[in-house]
2 protein chains.
Amino acid sequence: MIGQKIRELREENDFLLRQLAAKMDIDTAQLSKMERGERSFKKEEIIMIAEILNANQEELLTLWLADKIYQIVKGEEQVIEALKIVEHKLPKV
Amino acid sequence: MIGQKIRELREENDFLLRQLAAKMDIDTAQLSKMERGERSFKKEEIIMIAEILNANQEELLTLWLADKIYQIVKGEEQVIEALKIVEHKLPKV
DNA sequence: GTAAATTTGTCAATAACCGTCAAGACAACT
DNA sequence: AGTTGTCTTGACGGTTATTGACAAATTTAC
């Protein structure tokens, strides 16, 4: 989800995996796994990527957060209700 | 949130912490921390508690899941949007 | 004040995560 | 077929986070 988006962005900007990885100062294999959802991005990495690829940071962070949520709720039966509860629990909404 | 609910249920049923802990076969101190949100419940523990306290298992699992989600999203700025994305990503909704 | 119940703190054990590397797969080209 | 470049896979330690177990401290009820 966020990984796929980042891969698209990276390819649009004609960056190779190893080039983006180098700019982020991480291992190429790591980034490969991250883009394919095998490992997860840290928030700081998303921010870094947004800068490097001139992308919308807010949008990426939103996708990143959605991904984290999805990892937790997938497979559970009470997802919808739980999401509703969380929405209502948020401050100043 | 889920902890508070369980504490209420436990007290309604006149169970002491140590009694419920004993039935669950966990440490009393652990359960104390769980009810106060200092540590988290496992799914199996919620199910066990629902049985012991004759409570609505679905409702408890929903609260439990909402809690897990909330732990992740609290403090983030893109929560609402992220929640929406997750909702739309769910199968057969 | 005492006893029971709960909370707090600590520490080792376990599990989850991350960085690094080496080898493998795959396609493009010669 | 062999070479090159890119990406993927798997394995191994190291680090960090979570948990279980216990003792001590605190609170509550009498």
Side-chain angles (χ1 to χ4, degrees), chain A residues 1-50 52-53 55 60-61 63-76 82, chain B residues 1-50 52-53 55 60-61 63-76 82:
Chain A
M1 193 172 189
I2 177 64
Q4 182 184 335
K5 176 71 179 176
I6 284 174
R7 172 154 294 190
E8 287 167 8
L9 281 171
R10 174 173 65 77
E11 290 175 344
E12 284 172 12
N13 287 60
D14 288 319
F15 273 67
L16 295 176
L17 256 183
R18 76 175 146 76
Q19 292 174 327
L20 179 55
K23 288 228 179 197
M24 296 172 64
D25 193 31
I26 65 174
D27 189 51
T28 302
Q30 288 267 35
L31 185 54
S32 168
K33 287 169 188 168
M34 290 174 183
E35 286 188 352
R36 286 172 300 107
E38 198 179 314
R39 291 196 184 180
S40 55
F41 291 91
K42 295 178 192 163
K43 187 174 183 179
E44 298 70 34
E45 292 171 334
I46 298 294
I47 295 173
M48 214 184 297
I49 289 173
I52 298 173
L53 300 182
L60 291 188
L61 285 175
L63 275 177
W64 167 77
L65 189 55
D67 230 26
K68 292 217 303 180
I69 298 171
Y70 189 73
Q71 292 312 311
I72 289 190
V73 304
K74 70 168 189 286
E76 298 291 344
Chain B
M1 193 174 190
I2 177 65
Q4 183 183 334
K5 177 69 179 178
I6 284 175
R7 171 152 294 188
E8 288 167 7
L9 280 172
R10 175 173 63 78
E11 291 174 343
E12 283 171 12
N13 287 59
D14 288 318
F15 272 68
L16 296 176
L17 256 183
R18 88 177 141 71
Q19 292 173 328
L20 180 54
K23 288 229 179 196
M24 296 171 65
D25 192 31
I26 65 173
D27 188 50
T28 302
Q30 289 267 36
L31 185 54
S32 168
K33 288 169 188 167
M34 289 175 183
E35 285 189 352
R36 285 172 300 107
E38 198 178 315
R39 291 195 183 182
S40 55
F41 292 91
K42 295 177 192 162
K43 188 174 183 179
E44 297 72 34
E45 292 171 334
I46 298 294
I47 295 173
M48 214 182 297
I49 289 173
I52 298 174
L53 300 182
L60 291 188
L61 285 176
L63 276 176
W64 167 77
L65 189 56
D67 230 27
K68 292 217 302 180
I69 298 171
Y70 189 73
Q71 293 310 311
I72 288 190
V73 304
K74 69 168 191 285
E76 298 291 343

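Per chain, numbering begins at 1; letters A, B, ... match sequence-line order. For clarity, every value in this text was computed on a predicted model and none was experimentally measured.
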For this session: Look at the side chain of A:Gln30 and the backbone N and O of A:Asp27, then say whether any donor-acceptor pair between them is shorter than 3.5 Å.
Result: no
For this session: Determine yes or no for a side-chain-to-main-chain donor-acceptor pair under 3.5 angstrom, with B:Trp64 supplying the side chain and B:Ile46 the backbone.
Result: no
Would you mind reading off the distance between [X] atom [atom1] and [N] atom [atom2], rounded to a whole angstrom?
X	N	atom1	atom2	answer
A:Gln4	D:dC7	CD	P	16 Å
A:Leu16	D:dT6	CG	P	5 Å
B:Ile26	D:dG20	CD1	P	8 Å
A:Gln19	D:dC7	CD	C1'	13 Å
B:Met34	D:dG20	CE	C1'	9 Å
B:Leu17	D:dA29	CG	P	13 Å
B:Arg39	D:dG20	CZ	C1'	7 Å
A:Lys42	C:dA16	NZ	P	19 Å

Seminar exercise, completed: Rounding to 0.5 Å, atoms CD1 (B:Ile6) and CD (B:Gln4) come to a distance of 11.0 Å
Between [options], which nucleotide gets closest to the side-chain atoms of [X]?
X	options	result
A:Arg36	D:dT6, D:dT8, C:dG9	D:dT8
A:Gln30	C:dT8, C:dT20, D:dA21	C:dT20
A:Arg10	C:dC18, C:dT6, D:dC7	D:dC7

Side-chain-base donor-acceptor pair under 3.5 Å for [X] and [N]:
X	N	answer
B:Lys33	D:dG20	no
B:Asp27	D:dC22	yes
A:Arg18	D:dG5	no

For this session: State whether B:Arg36 and B:Glu38 are salt-bridged, where the test is any N-O pair (Lys NZ or Arg NE/NH1/NH2 against Asp/Glu carboxylate O) under 4.0 Å.
Result: yes
Does a nitrogen or oxygen in the side chain of [X] sit under 4.0 Å from OP1 or OP2 of [N]?
X	N	result
B:Arg7	C:dT7	yes
B:Thr28	C:dT6	no
B:Ser32	C:dT7	yes

For this session: Between B:Leu31 and A:Glu45, name the one whose nearest nucleotide on DNA chain C is closer to the 5' end.
Result: B:Leu31
Exercise. Between B:Ser40 and B:Ala29, which has a closest nucleotide on DNA chain D that is more 5'?
Worked result: B:Ser40
Exercise. What heavy-atom pair brings B:Ala55 and B:Leu60 nearest, and what distance separates the two atoms?
Worked result: CB-CD1, 4.0 Å
